Asks: 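This is the structure, below, for whatever I ask next.
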Amino acid sequence: MQDKYNPEEIEMKWQKYWAERRLHKTPPTPPLNKGGQGGVEKFYCLEMFPYPSGKIHMGHVRNYAIGDVIARYKRMCGFNVLHPMGWDAFGLPAENAAIKHGVHPAKWTYENIEYMKKQLDRMGLSYDWDREVTTCSPEYYKWNQWFFLKLYEKGLAYKKASFVNWCPSCVTVLANEQVIDGKCWRCDSTVVQKELEQWFFKITHYAEELLQGCDELTGWPERVVAMQKNWIGKSEGVEVDFPINGTDEKLRIYTTRPDTLFGVTYMCIAPGHHLAEKLVGDKSKLEVVKAKYGKMEDKEGLFTGHYATNPLTDEKIPIYVANFVLMEYGTGAIMSVPAHDQRDFEFAEKYGLPIKVVIVSEDRSAVSSQQPAEQLKEAYEEEGVLINSGQFSGLKSADAKREIGKYIEEKGFGKRTLNYKLRDWGISRQRYWGTPIPIIYCDKCGVVPVPEKDLPVILPEDVKFTGKGGSPLLESEPFLRVKCPKCGGAARRETDTMDTFVDSSWYFVAYCLGKNKIAFNSHLKTPSSELNYWMPVDQYIGGIEHAVLHLLYSRFFTKGMRDLGIVNVGEPFKNLLTQGMVCKETWRCPEHDWLFPEEVKDGRCMRCGKEAEKGRVEKMSKSKKNVIDPDALIKKYGADTMRLFSLFAAPPERDLEWSDKGVEGAYRFLSKVWGIVYKYKGQETSIPIAYNLSPIASSLLRKTHQTIRKVTDDIEKDYHFNTAIAAFMELVNEMSSFNAETEEDRAALGFAVKSTLLMLAPFVPHFSEELWEVMGEATGEKSSIFEHQWPAWDEELAKEEEIELVVQVNGKLRAKILVPAGLSDDDAKQRALQEQRVKEMLDGKQIKKVVVVKGKLVNIVIG
RNA sequence: GCCGGAGUGGCGGAAUUGGUAGACGCAAGGGACUUAAAAUCCCUCGGGUCUCUGACCUGUACGAGUUCGAGUCUCGUCUCCGGCACCA
């Protein structure tokens, strides 16, 4: 080899070596002991799998570099590591490519996978490809269908009509997350609410458990847990029945403010409420309100002409239909208390409805009981003391909530209940490139599930992509026409496919089983040994954008799988690391908008010469022209440098600002290490280290042990790779100025180099392998550096002999003195008082107190 | 509005249970080597003042407080970022 660092050559060499030796293969699952534990401790390291969009981007690079360091580190620490990768391969972009370029989604997807897989390997990532998962393959999506059937059996998958986000231009339903500011993410058309029949998964069945489980997620970032809790949105309140005058019907409402029940002056029901049709005479007017459902900006109401009775006051209350009342939350009907709810207040003003004050703040209760309601400028939403509330007047809100709740239950007016914002998961998609929903519609038998033995329902490939909207499956006669499994008569298949979030809700379980080995059985008493051993995921790493959706769905699925006896854990991801975005500065021209950095010269747009404006540092995106192509970067600097920089520039959870100069710095660091190794290679460095070392050698030895301790701590604590790398740099700086003269010196340096290479290995694997070989360590059985143990430090050798004692006077730094470590407090105090600077300051002053912090400082307090 | 998170040099970022603010890197400036450049190596690098080989003052968004001592703890204020947002 040569003494100049040439990344491309060595990276190819070692990638080939790893592949040939199958070094990243998952260790076989050990047989279960009685306690259910295998012999060796396992570690399941998982990164969110990518959508095969065509090429890897910097976000992936960062995500996978982090995961790879953890996986390789854990292997070196002796864990059985599972580190798999796969493809979230169903999705709309493939279908769009088909419409636009005439390529079949399957071809497009598999070609992208092939290319991206090469890119991942080129990064030197240590995946066990034997466990690769591709969600668009029938072997995989068969089990989506199987889960669907299991949920259907349990009543946890069902079909209902509801309002959904509908894009009139794409002619399909959109998930909530695909609606951005009320517009379609794809074509920018305004999304409308449309009533449609859809398949749902009953995630609300697990609402309480999903909420309770949040407290177990101690290894998750707090904000993600907070977002999950927020999304589930539990509230406590009461349901109260208001009899509708002149009918036998009762209008049931839900409220979290039973303390304001005496202030109800009208009621509102959602346009989709089952009583709306009944109560409203003029259907065309109802349609107007319906059309504005979900458009929350302007409140639209319609008086039904009917009244209800407040069971607590016997007051006559008008009933309205209102567009802002949600059908999906609570009972779809509300009581309106304009004095104490801003929305109700605004609605009351618009329609001239009365306002009745029943709560006042504690300190002015006496005065404001007389205050006329007309003087209110806005609702008083705080809690306070009740007035005008019969026998409950004078109670504080908190007490009143409890007492009124009891009273309502005693009198049979209603009951105390819990409510959740979480809604059932609508999984139907009017798209082609997804899992067919295994349902058959028969005119005689109705909705018939596809029998388990007939799975998978294969997605037909021979279809036409018109781009006119609507699923191509609607046009596929062979797919559509089917015999009813029950009666054998002519029947029709469901043409909707599943939301792709279904695919990613259990892929982490599929990895435990391996390629072509995915199979579940709901009749087993205990989970398979693989699933028992590997689940849960010990470390999950991915972007924050999935804080709610994917992570919530996966938690739901895990609970479902647990109840089917497939896994024995209730939570899928023990620890979660949400890595920050990869950002870069942007450039803008007043005329040509976003510019590539190459289009800017001396701060001016090269096309028109106008002054280019340096924009904000933004997330890398094609549209903002601030992306860095990983391929080009690898070509120039190698994968190791790219990995090292992305781990060094910021702690993993924070946003990372890309810096070309910083990349060069990372490359420089590696070249420096390379140079040191080549300078000393061939020299005997493995002789035992003697006790009588020269001062420089003993200092280097100490620094080495300190570095091992620091790096191990940084990785173990919070995966703070940036400070770990800084520690490498410090050690390397000391190594590079080290002049070995004696054999002992060389031994100390050899130890430092070897320790450094072992620690660098998870970060820059090819580089470390190569230098390990150059050092002559790659011999015998353990020819790979990754077959060696992570280095251990010796606490004794890491100890400093001398420390710098800080001397303060009145808390201000006045002197620093070198003292032997382990100096007694008294001696430290004496040494401090003898210091020249201190003597000067003490002149004629009284010493009030002396504070000694062992091994750190002495603070002398004077008057 | 509600819930999170964050404010430290020119920049990215470090700072155990409160104990030397600015590790490490980048940029910048100066020097060495060189015919020259690149690369490499060495030095300086928060701001300010002075009697300038040194010393002092000041400094972690802002204002108070606790403490011998606060980037770190407490209270209040401001700004920025993210999420949710008529959820009754």
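The figures here come from the full heavy-atom set of this structure, side chains too, leaving out hydrogens, waters and symmetry mates. In the text below, chain A, chain B and the rest are named by the order of the sequence lines, each starting its count at 1. Note that the coordinates shown come from a computational prediction; the quantities given were computed from them, not determined experimentally.
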Asks: Would you call A/Asp714 and A/Arg709 a salt bridge, using N to O less than 4.0 angstrom?
Replies: no
Asks: Using whole Å, what does the distance between atom P of nucleotide B/U40 and atom CH2 of A/Trp674 come to?
Replies: 17 Å
Asks: Check every atom of B/G19, B/C68, B/A23 against the side chain of A/Ala726 and return the nucleotide holding the closest atom.
Replies: B/A23
Asks: Students often get this wrong, so: under 4.0 angstrom with heavy atoms, is A/Gly233 touching a base, only sugar-phosphate, or nothing?
Replies: nothing
Asks: Could you identify the nucleotide paired to B/A27, looking across every strand shown and requiring Watson-Crick or G-U wobble geometry with both distances under 3.5 Å?
Replies: none
Asks: Atom CZ of A/Phe721 to atom C1' of B/G13: distance rounded to whole Å?
Replies: 17 Å
Asks: Tell me whether the side-chain N/O atoms of A/Lys812 come closer than 4.0 Å to OP1 or OP2 in B/U58.
Replies: yes
Asks: Check every atom of B/C26, B/C87, B/G25 against the side chain of A/Met729 and return the nucleotide holding the closest atom.
Replies: B/G25
Asks: Would you say B/A88 has OP1 or OP2 under 4.0 Å from some side-chain N or O of A/Tyr329?
Replies: yes
Asks: Can you check nucleotides 1-11 of chain B for protein contacts, nitrogen or oxygen pairs under 3.5 Å, and list what you find?
Replies:
unit_1, atom_1, unit_2, atom_2, d
B/G5, OP1, A/Glu222, OE1, 3.4

Asks: Between B/A14 and B/G46, how many Å separate the two C1' atoms, rounded to a whole number?
Replies: 15 Å
Asks: Is the terminal nitrogen or CZ of A/Lys299 (NZ for Lys, CZ for Arg) located under 6.0 angstrom from the six-membered ring centre of A/Phe324 and within 45° of that ring's axis?
Replies: yes
Asks: Assign B/C75 to syn or anti; the rule is syn for a glycosidic angle within 90° of 0 and anti otherwise.
Replies: anti
Asks: Quick one: is B/C56 close enough that its OP1 or OP2 comes under 4.0 Å of any side-chain N or O from A/Arg837?
Replies: yes
Asks: Looking for any heavy atom pair under 4.0 Å, which part of the strands does A/Phe648 touch: base, sugar-phosphate only, or nothing?
Replies: base
Asks: Is A/Asn722 close enough to B/C24 that one of its side-chain N or O atoms is under 4.0 Å from OP1 or OP2 there?
Replies: no
Asks: Picking from B/C26, B/C87, B/A88, which would you name as closest to the side chain of A/Arg423?
Replies: B/C87
Asks: State, without any angle test, whether A/Ser824 and A/Asp827 hold a side-chain donor-acceptor pair at a distance under 3.5 Å.
Replies: yes
Asks: For the P atoms, the ones on B/G65 and on B/G59, what distance do you get once it is rounded to whole angstrom?
Replies: 15 Å
Asks: Can you tell which of B/A27, B/G19, B/C87 lies closest to the side chain of A/Gln808?
Replies: B/G19
Asks: Once you round it to whole Å, what is the distance between P of B/A39 and NZ of A/Lys672?
Replies: 15 Å
Asks: Tell me the interatomic distance from A/Ile860, atom CD1, to B/U20, atom P, rounded to whole angstroms.
Replies: 16 Å
Asks: Quick one: closest heavy-atom pair of A/Ile253 and A/Thr255, and the distance?
Replies: CD1-CG2, 4.1 Å
Asks: Mind checking who B/G4 pairs with, Watson-Crick or G-U wobble, both distances under 3.5 Å?
Replies: B/C81
Asks: Considering only heavy atoms and no angle criterion, is a donor-acceptor pair shorter than 3.5 Å present between the side chain of A/Arg343 and the base of B/A88?
Replies: yes
Asks: For B/G46, which nucleotide in any strand shown is its Watson-Crick or wobble partner with both distances under 3.5 Å?
Replies: B/U58
Asks: Looking at B/G12, B/C68, B/A88, which one has an atom nearest to any side-chain atom of A/Leu326?
Replies: B/A88
Asks: Just checking A/Pro221: base, sugar-phosphate only, or nothing, at a heavy-atom cut-off of under 4.0 Å?
Replies: nothing
Asks: Just to be sure I understand the rule, does A/Asn859 reach a base, reach only the sugar-phosphate, or reach nothing, if contact means heavy atoms closer than 4.0 Å?
Replies: base
Asks: Is any NZ, NE, NH1 or NH2 atom of the basic residue among A/Arg252 and A/Asp241 found under 4.0 Å from an Asp or Glu carboxylate oxygen of the other?
Replies: yes
Asks: Does a nitrogen or oxygen in the side chain of A/Lys849 sit under 4.0 Å from OP1 or OP2 of B/C68?
Replies: yes
Asks: Under a 3.5 Å cut-off for both contacts, is B/U72 paired Watson-Crick or G-U wobble with anything, and if yes, with which nucleotide?
Replies: none
Asks: Over all strands shown, is A/Lys661 touching base, sugar-phosphate only, or nothing at heavy-atom distances under 4.0 angstrom?
Replies: sugar-phosphate
Asks: Taking 4.0 Å as the cut-off, does a side-chain nitrogen or oxygen of A/Arg814 come that near to OP1 or OP2 on B/C56?
Replies: yes
Asks: Could you state the atom-to-atom distance from CD of A/Glu236 to C1' of B/C87 in whole Å?
Replies: 15 Å
Asks: Is B/G9 syn or is it anti, if syn means the base angle is within 90 degrees of 0?
Replies: syn
Asks: Between A/Lys356 and A/Glu315, does at least one N-O distance fall below 4.0 Å, as a salt bridge requires?
Replies: yes
Asks: Taking atom types as modelled, find out whether A/Lys672 and A/Asn733 have a side-chain donor-acceptor pair closer than 3.5 angstrom.
Replies: yes
Asks: Searching all strands shown, indicate the nucleotide that pairs with B/C87 (Watson-Crick or G-U wobble; both distances under 3.5 Å).
Replies: none
Asks: Does either side chain, that of A/Ser235 or that of A/Asn419, offer a donor lying less than 3.5 Å from an acceptor on the other one?
Replies: no
Asks: Assign A/Asn419 to base, sugar-phosphate, or nothing according to its heavy-atom contacts below 4.0 angstrom with the strands shown.
Replies: nothing
Asks: A/Leu813 or A/Met335: which one's nearest nucleotide on RNA chain B is closer to the 5' end?
Replies: A/Leu813
Asks: For A/Lys229, answer base if it contacts any base atom (sugar-phosphate contacts may also be present), sugar-phosphate if it contacts only those atoms, and nothing otherwise; contact means non-hydrogen atoms under 4.0 Å.
Replies: nothing
Asks: What is the distance, rounded to the nearest whole Å, between atom CG of A/Asp344 and atom P of B/A88?
Replies: 12 Å
Asks: Indicate whether OP1 or OP2 belonging to B/A88 is found under 4.0 Å from a side-chain N or O atom of A/Ser235.
Replies: yes
Asks: If pairing requires Watson-Crick or G-U wobble contacts with both distances under 3.5 Å, which nucleotide is the partner of B/C33?
Replies: none
Asks: What integer distance in Å separates A/Leu656:CG from B/C26:P?
Replies: 16 Å
Asks: Can you tell me how far P of B/A21 sits from NZ of A/Lys856, to the nearest Å?
Replies: 12 Å
Asks: Angle class for the A/Tyr5/A/Phe767 ring planes (parallel below 30°, perpendicular above 60°, tilted otherwise)?
Replies: perpendicular
Asks: Hunt down the Watson-Crick or G-U wobble partner of B/G9, both distances under 3.5 Å, from any strand shown, or write none.
Replies: none
Asks: For A/Asn810 and for A/Asp655, locate the closest nucleotide of RNA chain B by heavy-atom distance; then report the residue assigned to the nucleotide nearer the 5' terminus.
Replies: A/Asp655
Asks: Regarding A/Glu236 and A/Lys401, does a basic nitrogen lie under 4.0 Å from an acidic carboxylate oxygen?
Replies: no
Asks: Classify the angle between the aromatic ring planes of A/Tyr351 and A/Phe347 as parallel (below 30°), tilted (30 to 60°) or perpendicular (above 60°).
Replies: tilted
Asks: Taking only N and O in the side chain of A/Asn733, is any of them less than 4.0 Å away from OP1 or OP2 of B/G25?
Replies: yes
Asks: State which of B/G19, B/U40, B/A88 makes the closest approach to the side chain of A/Arg668.
Replies: B/U40
Asks: What nucleotide among B/U20, B/A88, B/U16 has an atom nearest to a side-chain atom of A/Thr256?
Replies: B/A88
